[in-house]
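All remarks here apply to the structure that follows.
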Amino acid sequence: WQATAKAQKTPKYIVCNADEGEPGTFKDRILLSDYSEKLFEGMTIAGKAVGSNKGIVYLRGEYRYLLKKLDKVLNRLRKIGYLGKNILNSGFDFDIEIVLGSGAYICGEETALIESLEGNRGEARNKPPFPTDEGYLGCPTVVNNVETFSYVPYIINKGTDWFMEIGTEKSKGSKLFSISGDVKFPGVYELPFGVSIAEILELVGARDTKAVQVGGASGICISKKDFDKPLAFESLPPGGSIIVFNKSRDMLKVLKNFIEFFVEESCGQCTPCREGNYRLLEAVEKLERGECSINYLKVLRELAESMKYTSKCGLGQTSPNAFLSIIDNFKGEILARPKKVND
């Protein structure tokens, strides 16, 4: 916000990334469905803060069923003077429109989202320049997600001290987590940063847990030895998705599911992501057949590390995480698989 506010070029735009496509994440869906007024209020506050008169919600294509409901809320806010011209007689103009995505996971990346908004193929841009300098239509643009904008009105009303009292020294506040998998009470939970995986498992009624995927498909998969670690920026990645797997789950099948997703969703623009994910999937299939040697796994580790540093956007930079963490934490289970014998 500060960078966009300082930018000299106008107009400026406030863009909400509501393209919730991370596997296992459904918190934004709840906010859009039940708390959209707070989202729109947060976007309006952002517009006032940076000098923007235009907001855009980039809505996930699969959430089309929410469009009428969201438009109804927007129209009501316009009628009572909270959106549109001269909001509350303040002299400030701000309005919001909703644009539907088309189901591309890559458009969750902020610059690919902007490309899609402009009517182009959803592909990540080179950075710099950053969206705060040259974003939508080449103008300064704030891109935040649904949860961020929805928190803003509460922080404005209750104060920053209230928010800073929650969480850890380096990770302030609370976070929404979509928790699913082998649990008794799946759902969306608001928890303080610093909560441990063990505390979460107890809260959601998980039993006989073998693994937990934190941070979505592009996060990491941890085993029991790490269940006492906290979810915070200085520890386990505190992304919005937590998927729980009990002892009945085959971790190689879990890994294959994740890698197939990344192969499907890679935009294909850069070689490390396009070819790297395909090679990782090829390796998983070899592991299934019992044909993957320790030496080959070492080569694949080098490939995965290379993908992290050379891929153009976050998809290719984080997609190796599942491969590396599952191979490391469940190597005994995976390598002990018997070789398949042809009939």
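The basis for the numbers below is simple: all heavy atoms, side chains too, and nothing from hydrogens, waters or symmetry mates. Position 1 is the first residue of the sequence; numbering continues from there.
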Handout entry: Non-hydrogen atoms of C270 and S311 that approach each other most closely
Key = SG-CA, 4.0 Å

Problem - Exercise: identify the closest heavy-atom pair between L100 and G61 - result: CD2-CA, 4.4 Å

Exercise for the section: Output yes when K54 and E97 qualify as a salt bridge under the 4.0 Å nitrogen-oxygen rule, no when they do not. Expected result: yes

Problem - Heavy-atom check, side chain of R121 versus side chain of E115, under 4.5 Å - result: no

Practice task
Starting from the C-alpha separation in whole Å, work towards a yes-or-no answer on salt bridge (Lys or Arg N to Asp or Glu O under 4.0 Å) for D71 and K68.
Solution key: CA-CA 5 Å; D71 278 333; K68 287 184 179 179; over 6 Å; no

Practice task
Report yes or no: is the cationic atom of R60 (NZ for Lys, CZ for Arg) closer than 6.0 Å to the six-membered ring centre of Y63, at no more than 45° off its axis?
Solution key: yes

Handout entry: Within 6.0 angstrom of Y309 OH, more than 12 heavy atoms from elsewhere
Key = no

Exercise for the section: State the NZ-CG distance between K175 and L231, to the nearest 0.5 angstrom. Expected result: 10.0 Å

Handout entry: Plane angle bin for Y13 and Y136 - parallel if under 30°, tilted between 30 and 60°, otherwise perpendicular
Key = perpendicular

Practice task
Report yes or no: do Y58 and S116 form a side-chain donor-acceptor pair below 3.5 Å?
Solution key: yes

Handout entry: Path from I243 to F185 over hydrophobic side-chain contacts below 4.5 Å
Key = no

Handout entry: Aromatic ring proximity, centroids under 6.0 angstrom, F40 and F149
Key = no

Practice task
Without swapping roles, check the side chain of Y189 against the backbone of I200 for a donor-acceptor pair under 3.5 Å.
Solution key: no

Exercise for the section: Using only heavy-atom distances, determine whether the side chains of S171 and E234 contain a donor-acceptor pair under 3.5 Å. Expected result: yes

Practice task
Please find out if less than 6.0 Å separates the ring center of F163 from that of Y154.
Solution key: no

Practice task
Answer with yes or no whether the hydrophobic clustering places W1 together with V146; edges join I, L, V, M, F, W, Y residues whose side-chain heavy atoms lie under 4.5 Å apart.
Solution key: yes

Handout entry: Residue pair C292 / L287: nearest heavy atoms and the distance that separates them
Key = CB-CD2, 3.5 Å

Exercise for the section: Please check if the side chain of D95 supplies one atom and the backbone of L83 the other of a donor-acceptor pair under 3.5 Å. Expected result: no

Handout entry: Residue pair R279 / L300: nearest heavy atoms and the distance that separates them
Key = O-CD2, 4.2 Å

Practice task
Kindly indicate, with the supporting measurements, whether the criterion salt bridge (Lys or Arg N to Asp or Glu O under 4.0 Å) is fulfilled by K256 and E288.
Solution key: CA-CA 9 Å; K256 186 177 183 180; E288 284 183 320; 3.1 Å; yes

Handout entry: Side-chain (E20) to main-chain (R29) donor-acceptor, under 3.5 angstrom
Key = yes

Practice task
Provide the closest heavy-atom pair for S33 versus L66 in the form atom of the first, atom of the second, distance.
Solution key: CB-CD2, 4.0 Å

Problem - Side chain proximity check, N144 to N17, heavy atoms < 4.5 angstrom - result: no

Practice task
Determine, for E109 against R125, whether the closest basic-nitrogen to carboxylate-oxygen distance falls under 4.0 angstrom.
Solution key: no

Practice task
Would you sort out whether M251 and C221 count as a side chain to side chain contact (heavy atoms under 4.5 Å, CB included), showing the intermediate values?
Solution key: CA-CA 10 Å; M251 295 312 296; C221 194; 3.6 Å; yes

Exercise for the section: Consider only side-chain N and O atoms of E22 and Y105, and report whether a donor and an acceptor are under 3.5 Å apart. Expected result: yes

Exercise for the section: Starting at CD of E169, measure out to CE of M164 and round the result to the nearest 0.5 Å. Expected result: 8.5 Å

Practice task
State whether the side chain of S266 and the backbone N or O of G268 hold a donor-acceptor pair below 3.5 Å, judged by distance alone.
Solution key: yes

Practice task
Heavy atoms only: give me the nearest C273-L315 pair and the separation to one decimal.
Solution key: SG-CD2, 3.5 Å

Handout entry: Hydrophobic cluster membership, L31 vs L77, 4.5 Å side-chain cutoff
Key = yes

Practice task
May I ask you to decide if G47's main-chain N or O and S52's side chain share a donor-acceptor pair within less than 3.5 Å?
Solution key: no

Problem - Interatomic distance, I30 atom CD1 to E147 atom CD [nearest 0.5 angstrom] - result: 12.5 Å

Handout entry: Donor on one side chain, acceptor on other, T148 and N145, under 3.5 Å
Key = yes

Exercise for the section: Identify whether NZ of Lys or CZ of Arg in K48 sits under 6.0 Å from the centre of the six-membered ring of F92 and within 45° of that ring's axis. Expected result: yes

Problem - N75 atom CG, over 12 foreign heavy atoms within 6.0 Å - result: yes

Practice task
Using a 4.5 Å cut-off on heavy atoms from C-beta on, say whether the side chain of P238 contacts that of F193.
Solution key: yes

Problem - Student check: side-chain heavy atoms of V57 and M43 closer than 4.5 Å - result: yes

Exercise for the section: Taking the side chain as every heavy atom from C-beta outward, state whether L32 and L59 have any pair of such atoms under 4.5 Å apart. Expected result: yes

Completion exercise
d(D208 CG, D182 CG) to nearest 0.5 Å is 9.5 Å

Problem - Check: E199/S196 side-chain N/O donor and acceptor closer than 3.5 Å - result: yes

Problem - Sidechain-backbone polar pair: N257 side chain, K253 backbone, donor-acceptor under 3.5 Å - result: no

Handout entry: Cation-pi check, K286 onto Y296 ring (under 6.0 Å, within 45° of axis)
Key = yes

Handout entry: K27 and E190: CA distance, side-chain angles, deciding distance, salt bridge (Lys or Arg N to Asp or Glu O under 4.0 Å) verdict
Key = CA-CA 10 Å; K27 61 183 180 63; E190 183 175 9; over 6 Å; no

Exercise for the section: Assess whether side chain to side chain contact (heavy atoms under 4.5 Å, CB included) is satisfied between M307 and N277, documenting all intermediate values. Expected result: CA-CA 9 Å; M307 288 172 64; N277 281 303; 3.7 Å; yes

Practice task
Say whether V152 and F94 are linked into one hydrophobic cluster, either directly or through other cluster members, by side-chain heavy-atom distances under 4.5 angstrom.
Solution key: yes

Exercise for the section: Please check if the side chain of T132 supplies one atom and the backbone of P140 the other of a donor-acceptor pair under 3.5 Å. Expected result: no

Practice task
Take F245 and T209, measure what side chain to side chain contact (heavy atoms under 4.5 Å, CB included) needs, and give me the verdict at the end.
Solution key: CA-CA 6 Å; F245 303 100; T209 302; over 6 Å; no

Exercise for the section: Spell out, yes or no, whether L252 and I220 are grouped together once hydrophobic residues are joined by side-chain heavy atoms under 4.5 Å, including indirect joins. Expected result: no

Exercise for the section: Answer yes or no: is there a side-chain heavy-atom contact under 4.5 Å between E41 and T44? Expected result: no

Exercise for the section: Verify the neighbour count for atom NZ of K127: are there more than 12 heavy atoms of other residues, nucleotides or ligands below 6.0 Å? Expected result: yes

Practice task
Indicate whether any N or O donor in one side chain lies under 3.5 Å from an N or O acceptor in the other, for N246 and S248.
Solution key: yes

Practice task
Determine whether I294 and L335 make a side-chain contact, defined as any pair of heavy atoms from C-beta on separated by less than 4.5 Å.
Solution key: yes

Handout entry: Spatial distance of atom CD1 (I56) from atom OG1 (T141) [nearest 0.5 Å]
Key = 8.0 Å

Handout entry: Pair I222-I197, side chain to side chain contact (heavy atoms under 4.5 Å, CB included): steps then yes or no
Key = CA-CA 10 Å; I222 63 170; I197 294 298; 3.7 Å; yes

Handout entry: Expected output: side-chain N157 to main-chain P153 donor-acceptor under 3.5 Å
Key = yes

Exercise for the section: Check whether any side-chain N or O of S306 sits under 3.5 Å from a backbone N or O of E302 as a donor-acceptor pair, and report yes or no. Expected result: no

Handout entry: Presence of salt bridge, K172 and E165, under 4.0 angstrom
Key = no

Practice task
Please examine the side chains of I334 and I326, heavy atoms only from C-beta on, and report whether any two atoms are closer than 4.5 Å.
Solution key: yes

Problem - CD-NZ distance between Q269 and K312, expressed to the nearest 0.5 angstrom - result: 3.5 Å

